[in-house]
S.K.: 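Here's a structure for you.
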Amino acid sequence: MDFRLQIKHGCISYLQVYGDFFGQTDVKKFTEKLIGVRYDRDAITEVLDKVDLQPLFW
């Protein structure tokens with residue numbers, strides 16, 4: 001997978017995901033959850049802990 005990000009003022013302002021994966025749900029909803037999140041391990045982990053990644057990337 002290839003995650004392309006733009007960071008502005010310490011937050012994720014753009015995120016696009018590319019790769020060979022077969023998701024059962026739309027990746028756009030996943031990326032929207034991360035837009036505006038601080039580009040910091042703890043902040044990103046807090047969001048990802050609430051997302052079921054299995055249907056997105058398998």
Side-chain angles (χ1 to χ4, degrees):
M1 284 187 270
D2 180 13
F3 288 75
R4 298 186 187 184
L5 302 114
Q6 287 182 356
I7 310 301
K8 289 186 181 176
H9 307 290
C11 294
I12 300 170
S13 63
Y14 171 85
L15 171 60
Q16 186 67 44
V17 181
Y18 300 94
D20 294 333
F21 53 87
F22 300 102
Q24 296 172 336
T25 60
D26 189 7
V27 173
K28 185 175 180 177
K29 292 179 183 180
F30 166 75
T31 60
E32 289 173 349
K33 291 178 187 289
L34 290 170
I35 300 297
V37 173
R38 235 179 30 252
Y39 187 63
D40 170 87
R41 177 181 288 238
D42 292 334
I44 294 170
T45 300
E46 184 177 328
V47 173
L48 293 180
D49 282 346
K50 298 175 187 172
V51 176
D52 183 9
L53 298 175
Q54 179 74 28
L56 288 165
F57 308 108
W58 61 274

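Residue indices begin at 1 and follow the sequence shown. What you see below is based on every heavy atom in this structure, not just the backbone, and it leaves out hydrogens, waters and symmetry mates. The structure presented is a predicted model; accordingly, all values stated were derived computationally and were not measured.
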S.K.: Once rounded to the nearest 0.5 Å, what's the spacing between atom CZ of F30 and atom CG of L48?
M.R.: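 It is 5.5 Å, given to the nearest 0.5 Å.
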S.K.: Please enumerate all residues that pass side-chain contact (heavy atoms from CB on, under 4.5 Å) together with I35, with sequence neighbours excluded.
M.R.: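 Only I12, L15 meet the side-chain contact (heavy atoms from CB on, under 4.5 Å) criterion with I35.
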S.K.: Does any pair with a residue in residues 28-39 pass salt bridge (charged side-chain N to carboxylate O under 4.0 Å, His left out), and if so which ones, sequence neighbours excluded?
M.R.: R38-D40
S.K.: How would you list all residue pairs meeting side chain to side chain donor-acceptor pair (under 3.5 Å) that involve residues 1-14, not counting sequence neighbours?
M.R.: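 Passing the test, one end in residues 1-14: D2-R4.
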S.K.: Grab the two heavy atoms, one from G36 and one from C11, that are nearest each other, plus how far apart they are.
M.R.: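 Looking at all heavy atoms of both residues, the shortest contact is O-SG, 3.7 Å.
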S.K.: For Q16, look at atom CD and say whether over 12 heavy atoms of other residues, nucleotides or ligands are found less than 6.0 Å away.
M.R.: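 More than 12 heavy atoms, drawn from other residues, nucleotides or ligands, come within 6.0 Å of this atom.
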